[in-house]
Asker: 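What follows is a single structure, and I will ask about it in a moment.
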Amino acid sequence: MFRKVLIANRGEIAVRIIRACREIGIPTVAIYSQADANSLHVRLATEAYCIGPASSAKSYLSIPAIISAAIVSGADAIHPGYGFMSERADFAEICAKHGIKFIGPTAEAMRKMGDKATARQTMIDNNVPVTPGTGILKTPEEVKEFANRVGYPIILKATAGGGGKGMRICRSDDDVETNMNLCQSEAQNFFGNPDVYAEKYLENPRHIEVQILADQYGNVVHLGERDCSIQRRHQKLLEEAPSPAIDEATRKEMGAAAVRAAKAINYESAGTCEFLLDHDGKWYFMEMNTRIQVEHCVTEMISNIDLVREQIMIASGEKLDFTQDEIMLRGHAIECRINAENPEKDFMPNPGTITGYVTPGGFGVRVDSHAYQDYAIPPYYDSMIGKLICWGRTRNEARRRMYRALKEYVITGVETTIPFHQEIIEDPVFMSGNFNTGFIEDFYKRTGKDKK
Ligand code: MV4
């Protein structure tokens with residue numbers, strides 16, 4: 001097992017990883033920016049190093065600063081969490097060069113999934129369904145030819161993109177003329193790679209993702225799916241497991257497809273295959289996230305498997321100690337992301353000092369957060385200050401428990417998404433389980449909130 005693990009992250013996920021390390025018995029190293037000196041992860045870790053100023057580029061994204069802290073502290077492994085260095089193949093390689101184990105997949109596996117056109121081809125080769133689409137296209141004419149074949153709408157995607165960035169929908173030849181150049185130059189500017197490809201566009205699909213775990217010896221299991229359809233501008237707000245739209249037969253097929261995808265690239269660690277589910281029940285692979293995700297907790301709640309612990313065990317060379325048949329998914333879990341944002345003001349970030357803080361508790365309730373009373377939320381990073389996760393034997397029980405826990409959760413001094421979540425949890429369409437990625441837009445229309 002590792003001597004010491006450095007956590008190259010901040011906020012709730014840094015706290016989450018420190019907790020897993022402490023349970024295994026591994027000392028931890030926190031790194032923090034000058035803006036995060038009072039952050040909870042700094043206090044919870046065995047030791048902590050300030051690695052730079054507030055700017056992420058000069059702290060949590062600075063490879064020399066992170067590697068130096070690892071060397072100085074004697075850490076022999078780095079957990080990147082999500083965001084920041086988590087999907088940086090170059091960083092994983094530099095860790096290896098310094099004899100530090102990157103707790104995650106290999107640089108090679110990250111690169112194979114990081115390029116979306118390559119990932120699509122890998123899926124096609126492994127009999128995983130993908131939307132009708134193309135390889136890299138260079139001209140609007142090539143795109144129009146594809147659209148002619150499959151019909152509009154189509155979507156242009158940056159091959160180096162992902163998570164909803166660098167995408168443009170086209171509903172006509174004219175749109176293609178306008179969007180092709182825009183998409184290519186955005187791709188160049190955001191990702192340093194202008195390559196773009198096209199797919200048939202699915203209107204308002206459900207976003208379903210399958211969690212997998214893979215060890216270094218080719219053992220791969222899936223832990224069922226999460227439904228992440230409740231999003232706003234590609235920011236997930238609420239996630240649940242299992243998906244109300246997936247039956248046992250589909251779960252098995254999607255799970256098997258995700259396992260094939262992982263095996264095809266010799267994947268190791270925790271990973272997630274993202275699928276879109278169309279209105280006719282057909283599903284398609286979209287992309288693979290090669291990191292632990294924010295919403296991993298709903299899977300933990302229904303599987304009773306600590307995914308971060310598994311990541312650490314796998315990275316240290318342990319074999320998975322359970323088989324697919326031994327994984328039992330029980331009950332239902334819902335997660336609400338608690339952001340310091342004002343839903344009344346277009347979810348504007350609302351940093352400031354938390355003047356009062358009381359967390360909910362009780363049976364089936366979990367709070368993952370770095371917040372505490374008098375904590376000053378720095379304005380430099382994302383606005384998520386915690387996650388509230390509730391388990392129930394049924395979806396309705398989890399939902400009612402969530403409503404109760406949201407009512408108990410008191411955060412004063414900053415506006416948060418708590419009141420907004422209360423409305424979603426009680427919404428009849430949400431209650432029905434019959435919704436898709438158009439939910440939030442539709443919710444505003446139905447409730448008349450968009451006219452405020
Ligand atoms: C799509 C799509 C419709 N058709 N691809 C957004 C995130 C990225 N992983 C893929 N995304 C989409 N790709 C085709 N061919 C619609 C989306 C999409 C979406 C997907 C999941 C959750 C929310 C979404 C919101 C808008 C668009």
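Counting begins at 1 with the first residue of the sequence. As the structure lists them, so they are numbered: ligands from 1, and atoms in each ligand from 1.
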Asker: Quick test of your reading of the structure: of His234, Arg232, Lys236, His207, whose heavy atom lies closest to atom 21 (C) of ligand 1?
Answerer: His207
Asker: Would you kindly say whether Thr323 and Asp325 are connected by a side-chain donor-acceptor distance under 3.5 Å?
Answerer: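 On atom types as modelled, these side chains do not qualify, holding no pair under 3.5 Å.
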Asker: Taking 4.0 angstrom as the limit and counting only heavy atoms of Gln231, give me the atoms of ligand 1 inside it, by number and element.
Answerer: 22 (C), 23 (C)
Asker: Show which atoms of ligand 1 fall inside a sub-4.0 Å distance from at least one heavy-atom site of Lys200.
Answerer: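 This gives 4 (N), 14 (C), 15 (N) as the contact atoms.
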Asker: Give the atoms of ligand 1, by number and element, whose distance to some non-hydrogen atom of Glu199 is under 4.0 Å.
Answerer: 5 (N), 14 (C), 15 (N)
Asker: Of Lys116, Glu441, Lys157, which has the heavy atom at the shortest distance from atom 5 (N) of ligand 1?
Answerer: Lys157
Asker: In ligand 1, which numbered atoms sit nearer than 4.0 Å to a non-hydrogen atom of Glu287?
Answerer: 8 (C), 9 (N)
Asker: Which residue owns the protein heavy atom closest to atom 7 (C) of ligand 1, what's the atom, and how far is it?
Answerer: Gly164 N, 3.4 Å
Asker: Which of the atoms of ligand 1 are close to Met167, meaning less than 4.0 Å from one of its heavy atoms?
Answerer: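 By the 4.0 Å cutoff, the relevant atoms are 6 (C), 10 (C), 11 (N), 12 (C).
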Asker: Any side-chain donor-acceptor pair under 3.5 Å between Asp115 and Thr159?
Answerer: yes
Asker: Between Glu408 and Arg404, is the closest basic N to carboxylate O distance under 4.0 Å?
Answerer: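 Here Arg404 pairs with Glu408 in a salt bridge, since their nearest N and O are under 4.0 Å apart.
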Asker: Short list, please: which atoms of ligand 1 are under 4.0 Å from a heavy atom of Glu274?
Answerer: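 Close to Glu274: 7 (C), 8 (C), 9 (N), 10 (C).
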Asker: Salt bridge between Arg232 and Asp346, side-chain N to carboxylate O under 4.0 Å?
Answerer: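 Looking at Arg232 and Asp346, the cut-off is met.
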Asker: Does a side chain donor of either Arg226 or Thr299 reach within less than 3.5 Å of an acceptor in the other side chain?
Answerer: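 Yes, because at least one side-chain N or O of Arg226 sits under 3.5 Å from a partner of the opposite role on Thr299.
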Asker: How close does the nearest protein non-hydrogen atom get to atom 4 (N) of ligand 1, and which residue and atom is it?
Answerer: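 For atom 4 (N) of ligand 1, the nearest protein heavy atom comes out as Leu202 N, 2.9 Å.
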Asker: In a check of salt bridge (charged side-chain N to carboxylate O under 4.0 Å, His left out) between Glu300 and each of Lys387, Arg366, Arg309, which one passes?
Answerer: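 Testing each of Lys387, Arg366, Arg309 against Glu300, the sole residue satisfying salt bridge (charged side-chain N to carboxylate O under 4.0 Å, His left out) is Arg366.
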Asker: I'd like to check the salt bridge (Lys or Arg N to Asp or Glu O under 4.0 Å) partners of Glu318; sequence neighbours left out, ordered by chain and number.
Answerer: none
Asker: Closest by any non-hydrogen atom to atom 17 (C) of ligand 1: pick that one out of Thr437, Asp278, Leu276.
Answerer: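 The option holding the nearest heavy atom is Leu276.
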Asker: Passes side chain to side chain donor-acceptor pair (under 3.5 Å), Thr290 versus Glu87? Steps please.
Answerer: CA-CA 7 Å; Thr290 57; Glu87 293 183 282; 3.2 Å; yes
